[in-house]
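Take a look at the structure below.
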Amino acid sequence: MINLSKYSRVDLLITLARAGLNLGRSGVLVARNFFLGCSPAQCSYSVSVSSHGGSSTAEVRFSNARARAALNTCNFLSSADYLERVVLVVRLSSYLLKLLGLSHGERSIEIVGRVEGGVKQIVPSPDGSLLAVVTGFGQILVMTPDWEVLYETALEDVPEGVDVSDPISCHFESTVSWRGDGKYFATLSQMQNSSHSLGKIKIWERDSGSLHASSELKAFVGTVMDWMPSGAKVAAVYDRKAEEKPPTIVFFEKNGLERNSFSVNGPVDGNVEMLKWNCSSDLLAAIVRYERYDAVKIWSFSNYHWYLKQEMRYSRKDGVRFMWDPLKPLRLMCWTLSGKIITYNFIWVTAVMENSTAIVIDDSKILITPLALFLMPPPMCLFNLKFPSAVCDVALLSKNRKNHLAAYLSDGSLCVAELPAIDSWEEFEGKEISIEASCSEMTLGSLRHLVWLDSHVLLGVSYLEPGQINNNTLALTKGKDLSVSNGVQQFHILQEFDVLCSEDHLPGLITSSGWRVRASCQLTLGGPVVAIASNPVKGCSAFVEFDGGEVYEYASKLGMARASPERCLQRLDHDIKFSSSCPWMSVIPINEHGNLKALPFGHDSNNRIHVGGRMLCNNCSSFSFYSDSSDQFMTHLILTTKQDLLFIIEVVDVLHGNLEAKYEHFVCGMNKRKEENRNCINIWERGAKVVGVLHGDEAAVVLQTIRGNLECIYPRKLVLGSILNALVQQRFRDALLMVRRHRIDFNVIVDFCGWKLFLQRAAKFVAQVNNLTYITEFVCSMKNENVLETLYKNVVSLNCLIDANLGENLKDCDAKGKVSSVLLAIRTALEEEIPESPARELCILTTLARAEPPALEEALRRIKVIREKEISGLQDPSSKPHPSAEEALKHLLWLSDSEAVYETALGLYDLNLAAIVALNSQKDPKEFLPFLRELEQMPPAIMQYTIDLQLKRHEKALRHLASAGEVYYESCMNLMKSIPILFPLGLQLFTEPAKRSQVLEAWGDHLFGEKSFEEAANSYLCCSSLDKALKAYRACGDWKGALTVGGLLKLSKQDVQQLANELYDELQALGKPAEAAQVALEYCGDIEGAVRCYVNAREWEEALRVALRQGKEDLVMEVENAATNCATSLMGEYEEGVEKVGKYLTRYLAVRQRRLVLAAKLKSEDKTVNDVEDDATSQTSSSFSEMSAYTTGTRRGSGASINSSATSKGRRQRHKGGKIRAGSPGEEMALVEYLKGMSLTIGAQRELKTLLVTLLMLGKEDIARKLQRMGASYQLSQAAAVKLAEDTISNENIDEKAHTLDHYIQKVRGELPQSDLLSWQSKVLLSH
């Protein structure tokens, strides 16, 4: 669905020596891209080099008299090619084959051989290693570049009696064409004056020269033939004049079988003289000579149809010839006998216009299809417009529901048609509508870049001959001469046309006649125009791009009668300029900060997209623009890359975003984990390109594959953007329809602005949708999740669609409670907005069934009401506002778990309803009927209790059982004992003191059994069960509570003493020596036992205080000895700890060093993780971290404790990972964790501080100072080791001088003033 457009034309004139000469003999130097012409009368050649920007001409003469003489006798220029030097191969009348050198030195001539019959054609193979020479006697010689003949064979079987050496009786013509790979070549020969004019296409093998295949005898037009460079087809022409039909171009396969064909439309007198493929095999050009003119026609093939895409007409006297550029497939060079060379540069442009209408050029027809209504690939179409001659360029304008179309034809005329609104085009389906040429008094010349500025103003660029220039043409710059190149004045005229119609437009019809075109302004430009695009923001304005990327803005002269040329065409800012020529230019309207702005995009021939003075993408193969709003502001750029990736780019990102990071330089990482990418889509078919989009709610991208069929895709990013845009505009029905069509999660409708705000709009949502089926689907899809933050997190960005108020609502919305709240709002809206009907009732039941948790009880109540109305006969059968109870129940069972519905029906204590539910849920009657009958025979309260107990509604069961009477009191007690959570409810139900005490005592027994002794004691106290309370306090070790309860029990002193002694023993057994000491002091009077308990508890200061209070020297001495022994033990452990820290640190550094050496070795072998794909990287990194680094350290971790006593708990954290196995994958981190676990705990520091104070009180200053010094040394070593390990774990280098324990100890010591590391130290002990 593309058209071939001429975007530039370069003319070149070769000045011949004198009038009357022509370029009758010419050839093409493929390797040098030269054009070679021959003027034999003057023995001269002209060599032309063609390029896009211009051309240069050099005349080459042979000063050697022999060369001039040889050239004068030359009657045919056979071939031109680059062999070892630039040469011309000519055939002379003497049958001599001569080589004319065109090197930069002296021109030379060389005779290479004599060919009998003369040389008709010389064709080199594609690789240049062989030459195929056709002789005048019907022979073909295959030679090397050194003119060594490999083989010779006859092209045709000569009839008897025909002398091939007699040029009068037999004239032989033949064409040779090589296949692209040079493995085969094809020939088509014709022997004039023979008994028949039929011919065959023969396929020959390159190496042996044997005949591979041949076609049937057919009436070919001369020897016109060419083999497609890709090798798929051989093109030739059938002569059908005998049938009074135009020629037919036919295609053959390698095996000689005819594949397909198409007719060359036009007058019957047309004769195809030349046929050539371009280098990419996608265009076929031919010269068709008619009685009044010659035409160069260009066809393309797509979807099994040949389209005539361009036609250039020449006068018969020009004798036009052409060649394709051997390297650039869209460049065509034509030349005339008079020495004029015209180079055309073509581009493929999409045939889909901005309003998503496809306008495909096919000869004199334009195939029209509105893609929004019908998605059909050409050659199929909704209808077509028929023009007087072939269409070369077309422009369409859609404005105010009218469509204006302008077409420039190959005969130089301009046609205009006005089409009605697109939604009325269905009436034209299958029709062909003829369009008349418009009336015009001026010469259009070669018109291109045709665009509409307004419904009655056209703009285009004409290439005019000097005699065609209007006297009123304005020069762009005063005082400047027109540009002259190679003797040809370049007249690039920017023309503005006024388009008027003398006929009235009839609604719903196409106005195809009565149009008149008048040139209102002509500007002569100083250089060629590359592209023109209308300005969508500013009326009667357009952007004009010149060669090189300069962009100007053209303002129409409409209403500017005295405007100067400078005011009509003004240069734009430097930011708008493209860095190179961009044949594809599009200007889109954007909304930037509330301002309307036009933004030009350019696409050059090197697949680069330019915008705003910078390059956006360097591998783009096609692009288009999409708008999600009705105001036609473009919101997204859609582009495909050479890697067959489709990117969806927000225009906001183009203006302000970091495109390289966000869109990965437009090369999607194929080695990333598979996850939904919001910007990139893999195109499933290679070479597919974007040809158009469907704007607004359609949110579609139209792709065309290489074979021609259309594919319409709906990218998630565009679809979600359109849905959210509709929701922002509160078009809920449109949004819902898009959600259903594209299978988007319905939660988007609620989550886009937060479900709390949706609650306020629920009534509007229901009223707009007004379809209970759709609402039911919506209700069934609700879930407590924000899908825009989970499912579509990587697809759409809310910032560009939701205003600030909605953003705040999103922040305040928690997904919890969303489903129930939304369904409640929908249910309320249904009751308010939708009239009563069975469908509405079923929808309401759906909202109840889908609530979280399901409101089955309320749903069954509604069904119960319907059933009661049916039984009572109150419901009017004619109106029927509700469904039947059975239908409603079946609907509820379909939505919910049948067992849950049955249990809910039982919970309503309606046995009949429960039976109906059971029957409709396919339950076995043998299972539920006996149970229901049994329930029916029970008293109401016991029935309810039984149902509640089965449904595990224990609180209701207890209430109903308690209401059954006193006789069921014991059953209530048993129920509470079996289900302890009912005890609080039992206290509320049984308020009598006696029953309340029983409940409390039973609760306490339960708590005691659960080992909740304190709570059990509280429960016993509430019911005055003091003995059990005492037992509970003793069980939990609460000696204060136990002794207090003993006082409440009025125990004697002896009993209290005995109780205290027992508590003293129990506390020691429980490992609570400090509390045992308090009991011994306060109740037992055992001072010695109290001191010993304080010593065991390491409460040194308290033990010394009690001993001194009693004045017993032996107790003081016992405390002194214990403190001294403890200090000695701690000092030994600290010393051992320092050694252990050093050992484990050394082991860690050795492991770390070996691992770094191993990593360096891997890098040196080019096996680093940076050289593999991302998936492999994560695996390699994981494997590398799991590698073993064998160490020389010990395999046995020391389990020795440095605790001062077995009774001292939590003094230091221990390593809990077991032994650290040497060489294990986790050895490195295990060593670090072990070093961290050797730090002193807060309890150990407090114990050390109180021991130091006690030693000072006892006069043991030296011991205290030594203990403090060794404790500090240990703590500093441990902290320094941990810091060193943390610094090296993330470092790839280990400095043997800097990464040492001594260095880090000094570093940690220097940080002590700002640290609490040694807060337990005594400053007095630091003074010496």
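Computed over heavy atoms, backbone and side chain alike; hydrogens, waters and symmetry mates excluded. It should be emphasised that the depicted structure is a prediction, and the values quoted were computed from it without experimental measurement.
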- Applying side chain to side chain donor-acceptor pair (under 3.5 Å), run through E273 and N271 and close with a yes or a no. CA-CA 6 Å; E273 187 175 292; N271 184 39; 5.2 Å; no
- Query: Which is it for N345 and S8 under the side chain to side chain donor-acceptor pair (under 3.5 Å) test, yes or no, and what are the steps along the way?
  - Reply: CA-CA 5 Å; N345 289 297; S8 72; 2.9 Å; yes
- List the steps and the verdict of side-chain contact (heavy atoms from CB on, under 4.5 Å) for E354 and F625. CA-CA 9 Å; E354 293 181 358; F625 297 94; over 6 Å; no
- Test side chain to side chain donor-acceptor pair (under 3.5 Å) applied to N3 and S5, step by step: CA-CA 6 Å; N3 292 325; S5 174; over 6 Å; no
- Test side-chain contact (heavy atoms from CB on, under 4.5 Å) applied to V264 and W299, step by step: CA-CA 10 Å; V264 179; W299 292 272; 4.0 Å; yes
- Task: Could you walk me through whether L188 and F252 pass the side-chain contact (heavy atoms from CB on, under 4.5 Å) test, one step at a time?
- Result: CA-CA 12 Å; L188 176 59; F252 294 88; over 6 Å; no
- Task: Before giving the answer on side-chain contact (heavy atoms from CB on, under 4.5 Å), spell out for T175 and V224 the whole-Å C-alpha distance, their side-chain angles and the decisive distance to 0.1 Å.
- Result: CA-CA 7 Å; T175 298; V224 178; over 6 Å; no
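In terms of the salt bridge (charged side-chain N to carboxylate O under 4.0 Å, His left out) criterion, K309 has no residue partners (sequence neighbours excluded). Partners of H603 according to the ring-ring contact (aromatic ring centres under 6.0 Å, His included) rule, which considers only residues two or more places apart in sequence or in another chain, are W584, F623. Applying the side-chain contact (heavy atoms from CB on, under 4.5 Å) criterion to N278, with sequence neighbours excluded, gives S280, D282, L283, W324, P329. Legend: residues meeting side-chain contact (heavy atoms from CB on, under 4.5 Å) with S364, ordered by chain and number and at least two apart, are K386. A542 is linked by a side-chain contact (heavy atoms from CB on, under 4.5 Å) to L453, L459, I532, counting only residues two or more places apart in sequence or in another chain. Among residues two or more places apart in sequence or in another chain, the salt bridge (charged side-chain N to carboxylate O under 4.0 Å, His left out) test is passed with K6 by none. Scored by the ring-ring contact (aromatic ring centres under 6.0 Å, His included) test, W348 finds no partners at all (sequence neighbours excluded). Applying the side-chain contact (heavy atoms from CB on, under 4.5 Å) rule to S534 yields no partners; only residues at least two apart in sequence or on another chain are considered. Partners of Y554 by ring-ring contact (aromatic ring centres under 6.0 Å, His included), not counting sequence neighbours: none found. For the ring-ring contact (aromatic ring centres under 6.0 Å, His included) test, residues two or more places apart in sequence or in another chain that qualify with F301 are W306. Among residues two or more places apart in sequence or in another chain, the salt bridge (charged side-chain N to carboxylate O under 4.0 Å, His left out) test is passed with D604 by R608. In this view, W227 satisfies the side chain to side chain donor-acceptor pair (under 3.5 Å) rule with no residue, not counting sequence neighbours.
Classification of D181 and R179 as a salt-bridged pair holds, one side-chain N sitting under 4.0 Å from a carboxylate O.
A 4.5 Å side-chain heavy-atom check between V529 and L494 finds every atom pair outside the cut-off. A heavy-atom distance below 4.5 Å is not found between the side chains of H449 and V451. Counting heavy atoms from C-beta on, the side chains of L703 and V701 come closer than 4.5 Å. Side-chain contact between D362 and H305: present, with at least one pair of heavy atoms (C-beta onward) separated by less than 4.5 Å. Between Y314 and I342 the shortest side-chain heavy-atom distance falls below 4.5 Å. Proximity of T187 to V134: side-chain heavy atoms (C-beta onward) are nowhere separated by under 4.5 Å. The closest side-chain heavy-atom distance from F185 to L130 is not below 4.5 Å. The shortest distance between side-chain heavy atoms of E550 and V530 does not fall below 4.5 Å.
Using modelled atom types, one side-chain atom of Q310 and one backbone atom of C392 make a donor-acceptor pair closer than 3.5 Å. No donor-acceptor distance shorter than 3.5 angstrom exists from the side chain of S410 to the backbone of M312, with no hydrogens or angles considered. D318 places no side-chain N or O within donor-acceptor distance of the main-chain N or O of T336, the cut-off being under 3.5 Å. Between the side chain of E545 and the main chain of M585, no donor-acceptor pair closer than 3.5 Å is present. The main-chain N or O of G182 is found under 3.5 Å from a side-chain atom of R206 such that the two form a donor-acceptor pair. A distance-only check finds no donor-acceptor pair linking the side chain of D644 to the backbone of N682 [under 3.5 Å]. The main-chain N or O of V320 is found under 3.5 Å from a side-chain atom of R289 such that the two form a donor-acceptor pair. Under the 3.5 Å distance criterion, the side-chain polar atoms of D393 are left unmatched by any main-chain donor or acceptor of Y408. Put simply, the side chain of R321 never gets that close to the backbone of L337: no donor and acceptor are under 3.5 Å apart. A donor-acceptor pair under 3.5 Å is formed between the side chain of D325 and the backbone N or O of L327.
In this structure, I2 CD1 and I361 CD1 are separated by 11.5 Å, a value rounded to the nearest 0.5 Å. The line from OG of S462 to CG of L525 is 10.0 Å long, rounded to the nearest 0.5 Å. To the nearest 0.5 Å, atom OG of residue S581 and atom CG of residue D547 are 4.0 Å apart. Atoms CD1 and CG, from I493 and L447 in turn, are 11.5 Å apart once rounded to the nearest 0.5 Å. For the atom pair CZ (R614) and CZ (F578), the distance works out to 12.0 Å, reported to the nearest 0.5 Å. In this structure, Q121 CD and T223 OG1 are separated by 7.5 Å, a value rounded to the nearest 0.5 Å.
A285 and I298 make their closest contact through CB-CG1, 4.2 Å (heavy atoms, listed as atom of the first residue, atom of the second, distance). The two residues V690 and S624 have their closest heavy-atom pair at CG1-CB, 3.7 Å. Listed here is the closest heavy atom pair of A186 and M225: O-CE, 3.4 Å. Between C279 and K328, the shortest heavy-atom contact is SG-C, 4.0 Å. When all heavy atoms of I341 and M333 are compared, the closest pair comes out as CG2-CG, 3.5 Å. When all heavy atoms of K254 and I203 are compared, the pair lying nearest together is O-CG1, 3.4 Å.
Around the NZ atom of K689, the shell of radius 6.0 Å holds no more than 12 heavy atoms that belong to other residues, nucleotides or ligands.
Remark: of the listed residues T641, T350, T640, T640 is the sole one forming a side-chain hydrogen bond (donor to acceptor under 3.5 Å, both in side chains) with S622.
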